[in-house]
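Before any comments, here is the structure.
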Amino acid sequence: MKLIPESYNMAEYLKELEVVNYSHSIIQNKKKDLFNEEQTEIEKVKTAFEFVRDEISHSWDIQGSIVTCQASDVLRVKEGICYAKANLLAAILRAEGIPTGFCYQKLMIFDTPEKGYSLHALNGVFLSSVNRWIRVDGRGNKPGVQAEFSLEEEKLAFSVKEEFGEEDYPNIFPKPNLKTITTLQAYTNVIEMYKNHLPDTL
């Protein structure tokens with residue numbers, strides 16, 4: 001699939017946002033932890049992706065109790081759903097000057113269309129060393145879900161089943177979808193939110 005940036009101004013993908021608050025000390029300290037001057041751009045992106053994927057728990061997987069949204073809170077609490085984890089990965093990479101955006105899929109929230117759909121968030125990252133965008137999915141691996149960093153064939157958490165009404169959107173947005181952020185900010189019970197209140201359209 002050909003990825004489509006919403007903006008061709010790379011500065012849009014480096015901006016600090018309320019939920020991508022990368023000047024916060026906890027983000028800056030984590031950036032120093034993760035990166036060093038010897039690393040290539042590609043190594044930095046892989047390192048940040050794997051940190052968010054593996055070290056920040058997906059709230060549904062752990063049946064968590066806290067709804068996180070702002071990147072600094074996601075890092076502090078070390079949990080979040082995909083929307084929150086995408087905010088954190090964007091913050092870490094933007095802090096390092098690596099353009100990072102937001103991408104979405106429409107997926108069945110559970111195992112059948114009758115149980116409804118939800119938007120799933122992942123990240124688009126521009127690699128200047130290869131002059132193109134790639135997508136990475138820091139949702140978190142578990143049995144049946146195996147996302148990896150890949151420069152060639154995408155290895156995302158979910159393959160879209162179009163026959164069941166799922167969609168893979170090619171867009172790379174500079175800002176997270178407003179519906180996703182509004183949802184995170186409106187609820188305090190993460191399980192209730194996840195089961196019943198996630199947006200299902202862009």
Checklist entry - With a 3.5 Å cut-off and no angle check, do the side chains of Asn123 and Thr100 form a donor-acceptor pair? => result no
Item to check | Whether Gln70 side chain and Glu18 backbone form a donor-acceptor pair below 3.5 Å | outcome: yes
Checklist entry - How far apart are the C-alpha atoms of Ile134 and Phe149, what are their side-chain angles, what is the distance that settles it, and do they pass the side-chain contact (heavy atoms from CB on, under 4.5 Å) test? => result CA-CA 9 Å; Ile134 65 165; Phe149 179 86; 3.6 Å; yes
Next on the checklist: When you compare the side chains of Lys179 and Thr201, does any donor N or O come within less than 3.5 Å of an acceptor on the partner?
Outcome noted: yes
Checklist entry - Roughly how far, to the nearest 0.5 Å, is the CG atom of Leu122 from the CG atom of Asp137? => result 5.0 Å
Checklist entry - What about Leu156 and Tyr117, same hydrophobic cluster or not, with Ile/Leu/Val/Met/Phe/Trp/Tyr joined at side-chain heavy-atom distances under 4.5 Å? => result no
Next on the checklist: Measuring only between side-chain heavy atoms, which start at C-beta, is Val19 closer than 4.5 Å to Pro176?
Outcome noted: yes
Checklist entry - What distance separates Glu192 CD from Ser65 OG, expressed to the nearest 0.5 Å? => result 14.5 Å
Next on the checklist: One pair to check against side-chain contact (heavy atoms from CB on, under 4.5 Å): Asn87 and Thr68. What are the steps and the verdict?
Outcome noted: CA-CA 10 Å; Asn87 289 344; Thr68 57; over 6 Å; no
Next on the checklist: Using the rule given for side-chain contact (heavy atoms from CB on, under 4.5 Å), can you reason through Val145 versus Phe158, listing the C-alpha separation, both sets of side-chain angles and the distance that settles it, and then say yes or no?
Outcome noted: CA-CA 7 Å; Val145 175; Phe158 303 105; 3.9 Å; yes
Checklist entry - Does one side chain, of Glu16 or Ser23, offer a donor that lies under 3.5 Å from an acceptor on the other? => result yes
Checklist entry - Can you check whether Ser128's main-chain N or O pairs, donor with acceptor, with Glu41's side chain at less than 3.5 Å? => result yes
Item to check | Taking every non-hydrogen atom, the tightest pair across Ala71 and Val20 | outcome: CB-CA, 4.4 Å
Checklist entry - Heavy-atom count around Lys175 NZ within 6.0 Å, excluding the residue itself: above 12? => result no
Checklist entry - For Met108, does its backbone N or O pair with a side-chain atom of Glu166 as donor and acceptor, under 3.5 Å? => result yes
Next on the checklist: Quick one, Glu96 and Lys44 - any side-chain contact, counting heavy atoms below 4.5 Å?
Outcome noted: yes
Checklist outcome for this item: Scanning both residues in full, the closest heavy-atom pair of Ile26 with Leu75 reads O-CD2, 3.3 Å
Checklist entry - Is Ile42 linked to Ile92 within one hydrophobic cluster, defined over Ile, Leu, Val, Met, Phe, Trp and Tyr using a side-chain heavy-atom separation of less than 4.5 Å? => result yes
Checklist outcome for this item: When Asp200, Val160, Leu119, Leu198 are each screened for side chain to side chain contact (heavy atoms under 4.5 Å, CB included) with Leu107, the one that passes is Val160
Checklist outcome for this item: On a heavy-atom basis, the closest approach of Ile56 and Gly80 is CG2-N, 4.4 Å
Next on the checklist: I need the full list of ring-ring contact (aromatic ring centres under 6.0 Å, His included) pairs touching residues 12-32, with sequence neighbours left out, sorted by first then second residue.
Outcome noted: Tyr13-Trp133
Item to check | Counterpart residues, salt bridge (charged side-chain N to carboxylate O under 4.0 Å, His left out), relative to Glu12 (two or more places apart) | outcome: Lys15
Item to check | Separation between OG of Ser72 and CD of Gln28, rounded to the nearest 0.5 Å | outcome: 11.5 Å
Checklist entry - Does the Asn141 side chain pair with the main chain of Ala147, one donor and one acceptor, at a distance under 3.5 Å? => result yes
Checklist entry - Any chain of hydrophobic side-chain contacts (each under 4.5 Å) joining Leu89 to Phe35? => result yes
Next on the checklist: Quick one, Ile27 and Leu88 - any side-chain contact, counting heavy atoms below 4.5 Å?
Outcome noted: yes
Next on the checklist: Would you compute the distance between atom CD1 of Ile66 and atom NZ of Lys78 and round it to the nearest 0.5 angstrom?
Outcome noted: 12.5 Å
Checklist entry - Would you say Gln39's side chain and Asn36's backbone share a donor-acceptor pair under 3.5 angstrom? => result yes
Checklist outcome for this item: Here the gap from Asn171 atom CG to Ile4 atom CD1, rounded to the nearest 0.5 Å, amounts to 5.5 Å
Item to check | Mutual orientation of the aromatic rings belonging to His58 and Tyr194 [parallel < 30°, tilted 30-60°, perpendicular > 60°] | outcome: perpendicular
Next on the checklist: Around atom CD of Glu162, are there more than 12 heavy atoms from other residues, nucleotides or ligands closer than 6.0 Å?
Outcome noted: no
Next on the checklist: If you count every heavy atom of other residues, nucleotides or ligands that lies below 6.0 Å from Lys195 atom NZ, does the total exceed 12?
Outcome noted: no
Checklist entry - Pairs in or reaching into residues 46-75: which pass salt bridge (charged side-chain N to carboxylate O under 4.0 Å, His left out), with residues at least two apart or in two chains? => result Lys46-Glu50, Arg53-Glu148, Asp61-Arg139, Asp61-Lys142, Asp73-Arg76
Checklist entry - Is a side-chain N or O of Ser7 found less than 3.5 angstrom from the main chain of Asn9, in a donor-acceptor match? => result yes
Item to check | His120 and Tyr104: CA distance, side-chain angles, deciding distance, ring pair (Phe, Tyr, Trp, His ring centres under 6.0 Å) verdict | outcome: CA-CA 5 Å; His120 172 62; Tyr104 296 93; 8.8 Å; no
Checklist entry - Is Lys85 reaching over with its side chain to a backbone N or O of Val52, donor-acceptor style, under 3.5 angstrom? => result yes
Item to check | N/O donor-acceptor pair under 3.5 Å between Ser59 side chain and Gly64 backbone | outcome: no
Checklist outcome for this item: Correct closest heavy-atom pair for Leu17 and Pro174 would be CD1-O, 4.0 Å
Checklist outcome for this item: To the nearest 0.5 Å, atom CH2 of Trp60 lies from atom CD1 of Ile191 at 5.5 Å
Next on the checklist: Quick check: closest heavy atoms across Pro199 and Tyr83, and the distance to 0.1 Å?
Outcome noted: CD-OH, 3.6 Å
Next on the checklist: Quick one, Glu6 and Ile172 - any side-chain contact, counting heavy atoms below 4.5 Å?
Outcome noted: no
Checklist entry - Would you say the side chain of Ile98 lies within less than 4.5 Å of the side chain of Phe126, judging by non-hydrogen atoms? => result no
Item to check | Step-by-step side-chain contact (heavy atoms from CB on, under 4.5 Å) determination, Met1 to Leu3 | outcome: CA-CA 6 Å; Met1 183 174 68; Leu3 300 177; 4.0 Å; yes
Item to check | Donor-acceptor contact present, side-chain Glu43 to main-chain Thr40, <3.5 Å | outcome: yes
Checklist entry - Do you know which two heavy atoms are closest between Ala86 and Ala121, and how far apart they sit? => result CB-CB, 4.3 Å
Next on the checklist: Check for me, please, whether Tyr187 and Leu184 land in the same ILVMFWY cluster - side-chain distances under 4.5 Å, paths through other members count.
Outcome noted: yes
Checklist entry - In the single-linkage hydrophobic clustering (I, L, V, M, F, W, Y; side-chain heavy atoms under 4.5 Å), do Phe164 and Phe110 co-cluster? => result no
